[in-house]
Amino acid sequence: MLNHNYFNELPIESYRNKFISNLNLQYPFINVNSKFKSLCSRNITVITIGNMENSVLLSGAYHGMEWITTLLLLKFTSRLCDSINQKKEFFNMDISKFINSRGITIIPCVNPDGVEISLRGPKYAGKYYELVENISGGDTSNWQTNARGVDLNHNFNADWEDLHLREQQSGFTGPSRTRFGGPYPESEPETQAITKICRENNFSHALAFHSQGEEIYWNYGKNTPEKSEFMAKVLSSVTNYKVCFPEGLAVGGGFKDWFITEFKKPGFTIEIGKGKNPLPISDFDSIYEKLEYMMLLSIII
């Protein structure tokens with residue numbers, strides 16, 4: 001396994017890129033693709049392992065202040081790669097044989113600009129500095145959106161028009177630190193990257209990691225597959241996370257909603273941890289311990 005202090009660090013760009021680079025060097029069986037870029041030209045890195053004809057997607061950090069989900073996915077990737085490399089069992093499963101039939105695609109940080117802004121302040125928004133400074137008043141610790149104030153998890157084309165109307169009724173009429181879904185669906189390069197990746201791959205199902213609440217969302221409209229609820233209950237059974245339904249402005253426009261609508265395949269939102277966002281780094285170990293087996297199950301069910 002990688003000997004790296006990443007999991008004692010915050011997931012700023014330099015640490016994240018170095019960790020992924022080291023993964024790529026140590027494990028030649030993985031593929032790392034950094035062609036997709038954020039609004040500020042930061043990497044939206046895609047890591048793939050195994051049979052990509054039959055793959056599962058795991059993604060995180062759609063919201064800047066939910067950066068802890070990036071740590072979760074990178075540690076899981078490292079643990080998975082170590083198990084494959086050493087041909088040792090991972091929860092009594094030989095993953096090195098399993099990946100011949102099932103692939104894993106991991107996007108640790110969908111919103112790298114938002115993460116950087118949340119952790120390091122407005123100056124890391126590049127040419128959008130003044131916009132971020134004016135919206136945040138200089139305090140970006142609870143920044144969710146991308147560099148131009150668009151909430152990526154409100155920017156997907158799943159009843160976007162209805163959600164946009166509800167945003168306006170709630171006072172979110174323009175760039176904001178949260179809940180503004182942009183001028184039109186898929187207006188943002190980050191959203192465009194994820195939808196393109198999904199359209200070019202045959203993902204059997206997809207999980208999007210958010211924080212917080214210890215909840216699993218699985219349902220969206222008439223295209224929700226019948227097996228989705230069963231899969232959610234399986235994931236719940238090993239975590240004690242509650243299987244439930246989102247409410248209010250959390251309904252529509254999100255990645256899970258779009259994935260289910262577009263492909264008629266299971267899509268899940270996993271709200272990790274419990275407390276107040278941003279969850280503290282001190283919570284990371286306990287969150288990871290609770291979710292590692294669930295993440296492994298999520299790629300084999």
Side-chain angles (χ1 to χ4, degrees), residues 20 23 29-36 43-62 69-70 72-74 76-77 80-81 84 93 95 97-111 152-153 155-158 185-186 188-210 216-236 252-272 291-292 294-301:
I20 292 173
L23 271 180
F29 52 83
I30 74 171
N31 179 268
V32 174
N33 184 336
S34 297
K35 71 177 182 179
F36 297 101
N43 293 340
I44 302 173
T45 304
V46 182
I47 303 168
T48 56
I49 306 168
N51 180 8
M52 297 314 297
E53 295 300 314
N54 179 25
S55 183
V56 176
L57 173 65
L58 282 65
S59 55
Y62 288 78
T69 57
T70 294
L72 181 84
L73 289 171
L74 283 179
F76 178 70
T77 304
L80 192 69
C81 287
I84 294 167
M93 287 179 261
I95 302 300
K97 293 180 179 178
F98 177 79
I99 62 167
N100 292 324
S101 59
R102 172 62 63 85
I104 307 103
T105 296
I106 299 172
I107 307 175
C109 191
V110 173
N111 184 10
L152 300 182
N153 213 44
N155 191 235
F156 290 88
N157 194 13
E186 294 185 37
E188 305 309 295
E190 298 89 351
T191 317
Q192 294 165 14
I194 302 308
T195 55
K196 183 176 176 63
I197 291 164
C198 289
R199 287 167 178 147
E200 292 180 347
N201 291 276
N202 183 32
F203 296 128
S204 61
H205 54 280
L207 286 78
F209 289 86
H210 290 257
I216 299 173
Y217 304 144
W218 58 274
N219 181 70
Y220 191 75
K222 64 182 181 181
N223 289 331
T224 306
E226 291 185 7
K227 62 182 178 181
S228 295
E229 184 176 13
F230 170 76
M231 293 172 70
K233 288 179 177 178
V234 170
L235 301 179
S236 170
F255 170 76
K256 166 190 69 71
D257 308 332
W258 171 81
F259 187 85
I260 293 171
T261 301
E262 181 94 353
F263 302 107
K264 302 178 179 62
K265 294 180 178 181
F268 305 92
T269 296
I270 314 295
E271 296 280 359
I272 74 166
L291 289 174
E292 184 178 66
M294 188 217 74
M295 288 190 287
L296 181 61
L297 280 181
S298 76
I299 65 176
I300 65 176
I301 57 175

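Note that the structure is predicted; figures quoted are calculated from it, not measured.
- Using a 4.5 Å heavy-atom cutoff, the side chains of Thr77 and Pro108 are not in contact.
- Residue pairs that meet the salt bridge (charged side-chain N to carboxylate O under 4.0 Å, His left out) test with at least one member in residues 46-56, sequence neighbours left out, do not exist here.
- Closest non-hydrogen pair, Asn155 versus Glu188, comes out as OD1-N, 3.4 Å.
- Residues Ile84 and Ile49 form a side-chain contact, since some pair of their non-hydrogen atoms from C-beta on lies under 4.5 Å apart.
- When only modelled atom types and interatomic distance are considered, Ser55 and Thr105 share a side-chain donor-acceptor pair under 3.5 Å.
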Step by step, work out the side chain to side chain contact (heavy atoms under 4.5 Å, CB included) result for Asp257 and Phe156.
CA-CA 8 Å; Asp257 308 332; Phe156 290 88; over 6 Å; no
Given side chain to side chain contact (heavy atoms under 4.5 Å, CB included), test Asn33 with Thr48 step by step and report yes or no.
CA-CA 8 Å; Asn33 184 336; Thr48 56; over 6 Å; no
Hey, mind stepping through Asn31 and Met52 against side chain to side chain contact (heavy atoms under 4.5 Å, CB included) and telling me if it holds?
CA-CA 11 Å; Asn31 179 268; Met52 297 314 297; over 6 Å; no
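- When all heavy atoms are compared, the tightest approach of Cys81 to Ile30 is SG-CG2, 3.6 Å.
- In this structure, the separation between CD1 on Ile194 and CD1 on Ile44 is 6.0 Å, given to the nearest 0.5 Å.
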Test Tyr62 against Phe255 for ring pair (Phe, Tyr, Trp, His ring centres under 6.0 Å), laying out the working first.
CA-CA 9 Å; Tyr62 288 78; Phe255 170 76; 5.8 Å; yes
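- One distance of note links CE of Met294 with CZ of Phe76; it measures 8.5 Å at 0.5 Å rounding.
- Put simply, the side chain of Ile270 does not reach to within 4.5 Å of the side chain of His210, judged on heavy atoms.
- Residue Thr269 holds its OG1 atom at 11.5 Å from OH of Tyr220, rounded to the nearest 0.5 Å.
- Taking CE of Met295 as the start and CG of Leu73 as the end, the distance is 6.5 Å to the nearest 0.5 Å.
- A donor and an acceptor atom, one from each side chain of Ser101 and Asn51, are nowhere located under 3.5 Å apart.
- Formation of a donor-acceptor pair under 3.5 Å by the Thr195 side chain with backbone atoms of Thr191 is found in this model.
- Between Thr70 and Ala61 the shortest heavy-atom distance is OG1-CB, 3.2 Å.
- Interatomic distance, Asn100 CG to Arg102 CZ, rounded to the nearest 0.5 Å: 13.0 Å.
- Between Phe36 and Ala193, the shortest heavy-atom distance links the atoms CD2-CB, 3.7 Å.
- Nearest heavy-atom pair across Ser298 and Val56 is O-CG1, 3.8 Å.
- Side-chain contact check for Ile260 versus Pro266: every heavy-atom pair is 4.5 Å or farther apart.
- More than 12 heavy atoms of other residues, nucleotides or ligands shown are found within 6.0 angstrom of CZ on Phe29.
- Residues Met93 and Phe98 have side chains not in contact (no heavy-atom distance under 4.5 Å, counting atoms from C-beta outward).
- In this structure, Ile106 and Val46 have side chains that are not in contact, with every pair of non-hydrogen atoms separated by 4.5 Å or more.
- Phe263 and Trp258 have their aromatic ring centers within a separation under 6.0 angstrom.
- Side-chain atoms of Ile197 and Phe203, non-hydrogen and from C-beta on, do get closer than 4.5 Å to each other.
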Would Leu152 and Val110 count as a side chain to side chain contact (heavy atoms under 4.5 Å, CB included) if you check the C-alpha gap in whole Å, the side-chain angles of each, and the deciding distance to 0.1 Å?
CA-CA 9 Å; Leu152 300 182; Val110 173; 4.2 Å; yes
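- Using a 4.0 Å cut-off between a side-chain N of Lys or Arg and a carboxylate O of Asp or Glu, Arg199 and Glu186 qualify as a salt bridge.
- Annotation: side chain of Ile107 is not in contact with side chain of Thr45 (no heavy-atom distance under 4.5 Å).
- To the nearest 0.5 Å, the span separating CG on Leu80 from CG on Leu296 amounts to 7.0 Å.
- Considering only residues two or more places apart in sequence or on other chains, Asn202 meets the side chain to side chain contact (heavy atoms under 4.5 Å, CB included) condition with Lys265.
- Closest approach of Lys256 to Asn219, counting heavy atoms only: NZ-O, 3.0 Å.
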